[in-house]
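Structure record follows, encoded as structure tokens.
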Amino acid sequence: MTNVVRFVPKSELERQRLIREARAIYDSIFPPVTLTGGQADDRLDQRAPREAIAEIQPKQR
């Protein structure tokens with residue numbers, strides 16, 4: 001039986017770390033929806049993440 005050792009470049013490890021960090025920040029701003037379909041907290045005025053992101057990003061011409 002042979003074992004294969006896969007080389008992972010430092011840039012790929014850094015990319016994965018940045019993705020994890022960005023996901024954690026996103027989840028802290030927009031808590032994930034619970035399995036029952038409700039919001040993770042009881043705030044009524046919480047908007048969908050895409051709507052909030054659309055307001056932040058500049059409009060393209």
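Residues Phe30 and Ile25 share a hydrophobic cluster, clusters being chains of Ile/Leu/Val/Met/Phe/Trp/Tyr side chains in contact below 4.5 Å.
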Return a table of donor-acceptor pairs under 3.5 angstrom between the side chains of residues 1-12 and protein atoms on other chains or two or more places apart.
from  : atom 1 : to    : atom 2 : distance (Å)
Glu12 : OE2    : Arg15 : NH1    : 3.0
Glu12 : OE2    : Gln16 : NE2    : 3.3

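Pairs engaging residues 17-27 under the salt bridge (charged side-chain N to carboxylate O under 4.0 Å, His left out) rule: Glu14-Arg17, Arg17-Glu21 [sequence neighbours left out].
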